[in-house]
Q: 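Right, I'll just put the structure down here and ask away after.
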Amino acid sequence: MSTLAAQPIHTSRLDLLPLHVEHAEEMATVLSDPALHTFIGGTPDTPQALRSRYQRMTAGSPDPAISWLNWVIRLRDESCLTGTVQATVSPCGHGPIAEIAWVVGTPWQGRGIAAEAARELVAWLSRQPVHTVIAHIHPEHRASAAVATAAGLTPTDEWHEGEIRWHRSIRR
């Protein structure tokens, strides 16, 4: 499998833009609510810490068989960033697997942004050499479960570090 690269993805309301270090300052504000860490742990990053993280992320995986794909979510009508989506694509026995995740800042939650972005991310992944899409979701995080459902993933009985593994096979 060759390394994949994030490309711009567009929906009716959103632009999923490949992550750049320059997004760090605005994203630090978007992700500043400590409540966003209820299920994932940690605390909000400072702009400097986020800039360092984005530098590592945009440099790509040190393993050439693994693709780190990261986007910021831009709400076109408001011309602002609202969150992120990501996919880590790795080789697997039955074909490449993409592990996806998303986060939308508190002021933009409840507007379908995460669901729209995740659906379009999965659609984009289905046009890549990806066989399976998975996500790991805390069992009490109903909003993320709704996003996963909207993206066509279904829960499994598998657990990973206290989270339920959700799964979708890509039909070719």
Side-chain angles (χ1 to χ4, degrees), residues 1-11 14-24 27-28 30-31 36-37 39-45 48-74 81-104 114-138 141 144-145 147-172:
M1 181 183 92
S2 61
T3 301
L4 297 175
Q7 300 168 350
I9 302 170
H10 306 284
T11 74
L14 308 174
D15 296 316
L16 307 184
L17 304 171
L19 179 71
H20 292 288
V21 173
E22 294 76 23
H23 292 130
M27 286 306 301
V30 169
L31 303 174
L36 291 175
H37 296 268
F39 296 107
I40 60 172
T43 58
D45 282 330
Q48 296 80 9
L50 206 52
R51 182 177 305 281
S52 293
R53 179 189 294 173
Y54 286 1
Q55 285 173 334
R56 290 188 304 277
M57 292 166 68
T58 58
S61 170
D63 182 340
I66 296 174
S67 297
W68 291 347
L69 307 169
N70 297 279
W71 293 263
V72 291
I73 303 168
R74 180 178 170 272
L81 301 182
T82 62
T84 64
V85 291
Q86 63 186 51
T88 299
V89 180
S90 308
C92 189
H94 299 293
I97 188 168
E99 184 170 344
I100 65 171
W102 51 85
V103 63
V104 169
E116 186 174 332
R119 265 193 315 270
E120 210 53 43
L121 173 59
V122 170
W124 183 85
L125 288 166
S126 72
R127 295 187 297 273
Q128 310 307 313
V130 170
H131 181 271
T132 304
V133 177
I134 63 168
H136 294 101
I137 299 173
H138 191 282
H141 200 320
S144 273
V147 170
T149 299
L153 281 73
T154 55
T156 69
D157 57 4
E158 296 176 49
W159 288 74
H160 178 75
E161 297 180 2
E163 296 181 319
I164 298 171
R165 179 180 164 141
W166 288 62
H167 175 272
R168 177 178 173 171
S169 293
I170 303 292
R171 305 279 183 238
R172 300 269 175 231

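Residues take their numbers from the sequence shown, with the count starting at 1. The figures that follow rest on heavy atoms only: side chains count, while hydrogens, waters and symmetry mates do not.
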Q: Check whether any side-chain heavy atom of Ile73 sits under 4.5 Å from a side-chain heavy atom of Val30, and report yes or no.
A: no
Q: Can you confirm whether Trp68 sits close enough to Thr88 that some side-chain heavy atom of one is under 4.5 Å from a side-chain heavy atom of the other?
A: yes
Q: Between the side chains of Thr11 and Glu116, does any donor sit under 3.5 Å from an acceptor?
A: yes
Q: Which pairs pass salt bridge (Lys or Arg N to Asp or Glu O under 4.0 Å) with one or both residues in residues 85-94, sequence neighbours excluded?
A: none
Q: Would you mind listing every side chain to side chain donor-acceptor pair (under 3.5 Å) that reaches into residues 48-59, with sequence neighbours excluded?
A: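 Side chain to side chain donor-acceptor pair (under 3.5 Å) check on residues 48-59 returns Asp45-Arg53, Thr46-Gln48.
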Q: With a 4.5 Å cut-off on side-chain heavy atoms, are Ser67 and Ser61 touching?
A: no
Q: So, do Leu125 and Val89 sit near enough that their side-chain heavy atoms are less than 4.5 Å apart?
A: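 Side chain of Leu125 against side chain of Val89, heavy atoms only: contact under 4.5 Å found.
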Q: With Val122 as reference, evaluate Val130, Val85, Val133 under the side chain to side chain contact (heavy atoms under 4.5 Å, CB included) test and give the passing residue.
A: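 Only match with Val122 under side chain to side chain contact (heavy atoms under 4.5 Å, CB included): Val133.
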Q: Quick one: does Leu81's side chain get under 4.5 Å of His23's, heavy atoms only?
A: yes
Q: Could you tell me which non-hydrogen atom of Pro96 sits nearest to which non-hydrogen atom of Pro129, and how far apart they are?
A: CG-O, 2.8 Å
Q: Report yes if some heavy atom in the side chain of His131 is under 4.5 Å from a heavy atom in the side chain of Ile170; otherwise report no.
A: no
Q: I'd like to know if the side chain of Asp63 and the backbone of Ala65 have a donor-acceptor N/O pair within less than 3.5 Å.
A: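 It does hold such a pair.
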Q: Could you measure the distance from the SG atom of Cys92 to the CD atom of Glu99? Nearest 0.5 Å is fine.
A: 11.5 Å
Q: Which heavy-atom pair separates Ala118 from Val147 by the least distance, and what is that distance?
A: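 Reported closest heavy-atom pair: CB-CG1, 3.6 Å.
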Q: Which class fits the ring pair Trp124 and Trp71: parallel under 30°, tilted 30 to 60°, perpendicular over 60°?
A: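 Perpendicular, since the angle between the ring planes exceeds 60°.
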Q: Might you point out which heavy atoms bring Ile100 and Ala87 nearest each other, and give the distance in Å?
A: CG2-CB, 3.9 Å
Q: Considering only distance and modelled atom types, tabulate donor-acceptor pairs under 3.5 Å from the side chains of residues 157-166, sequence neighbours left out.
A:
none

Q: I want to check something: taking the side chain as every heavy atom from C-beta on, are Asn70 and Thr84 in contact at a cut-off of under 4.5 Å?
A: no
